[in-house]
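Remember, predicted model here, so these are calculated numbers, not experimental data. Atoms within a ligand are numbered from 1 in the order they appear, just like the ligands themselves. In what follows, every heavy atom counts, from backbone to side chain, and hydrogens, waters and symmetry copies are set aside.
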Amino acid sequence: MRSFTYERATDVPSAVAAVSGNGAKYISGGTNLLDLMKLGIETPSHLVDISRLPLRDIEELPDGTLHIGSQAVNSVVAGDPRVRARWPMVSEALVAGASGQLRNKASTGGNLLQRTRCAFFYDTAAGCNKRDPGSGCSAIGGFNRIHAILGASDSCIATHPSDMAVAMTALDAEVELVDAEQTVRRVALSDFYRLPGDTPHIENELRPGEMITAVVLPPPPPGRQKYRKVRDRASYEFALVSVAALVSTTDEGMISEVRVAFGGVAHKPWRSVEAEAALIGRPAAMATYRAAAEEAMRDAVGQGHNDFKIDLARRTLCRTLAQVAGAS
Ligand code: SF4
């Protein structure tokens, strides 16, 4: 391991100022960053520990918005009674992620910024455009069972590993960011992450030194919510495919409100406007769900080992919709 210096930040302005210099990084729970440092994939010269900043509160605002401080740990957010009651898919997604110990340590902001679990990214002997731009992508033509079926490029076919971000994307969450000038801006989570294109090493819209200070969840639309995760084992495993869905139906059984996002299928949480368009105003019935699943996967492309994910995503969507909206 390379040597680095460490400081514990006491306030947001000094933390942002410290990380705006060359080679510094924020650390909070460290549940992903420390692994990356041990492997020599992340090599910060200075770490600024932001875990004890006063950014742990979860606050419900008068308009019904929930303001989740970026240092609120995953287990606290998952167990918050307001989250469980009004944004249950966020709670379900968090509980589906990692392990109890990791959820007690991992922060909300860190969850959003975790790196892909592509094995070649972690193997420093393999070519990887995300880790080492220009070195190629070992997953293309290699073992790519967990990789992307939507939005991939010739440079990278990695997926984003967060469950929480998928549910938050379905619910139109925004991230709150602050820079060295103390300018605060909000970015929709659906715009925060990038597709790989030719620059897979640039994963989001964070500017140099910017810190995530909060996630803002707007009041949810009416309807039942569900986060369903399909994985190789029942716990401590990343999604092969996941679905976050919200559906509301009329007394006549027509779909009046719907949100759909997929996890495990792309470089970012994948909001499916195609599925939503195919569902809204239609009967809550399996035929409708199957048609929506076809639309959602219309542009999906397998990479060989992961071809099965296309049908798995269709089936997972249908099953999730049937659970939240019923099926005739
Ligand atoms: Fe690297 Fe992306 Fe290719 Fe994986 S899929 S080897 S992260 S470039």
Checklist entry - In chain order, what residues pass the side chain to side chain donor-acceptor pair (under 3.5 Å) check against Asp49, with sequence neighbours excluded? => result Tyr6, Ser51
Next on the checklist: So does Gly136 get a backbone contact from the side chain of Asn129, meaning a donor-acceptor N/O pair under 3.5 Å?
Outcome noted: yes
Next on the checklist: Side-chain heavy atoms under 4.5 Å apart, restricted to Ile/Leu/Val/Met/Phe/Trp/Tyr: what other residues fall into the cluster of Leu53, or is it alone?
Outcome noted: Val12, Val16, Val19, Tyr26, Val48, Ile50, Leu55, Val178, Val184, Met211
Item to check | Polar side chain donor-acceptor pair, Arg228 to Gln323, under 3.5 angstrom | outcome: yes
Got a list of side-chain donor-acceptor pairs under 3.5 Å for residues 92-99, not counting sequence neighbours?
residue	atom	partner	partner atom	Å
Glu92	OE1	Tyr227	N	2.8
Ser99	OG	Leu102	N	3.3

Checklist entry - How many protein atoms of type N/O/S are positioned less than 2.8 Å from atom 3 (Fe) of ligand 1? => result 1
Item to check | Co-membership, hydrophobic cluster, residues Leu33 and Ile41, 4.5 Å side-chain | outcome: no
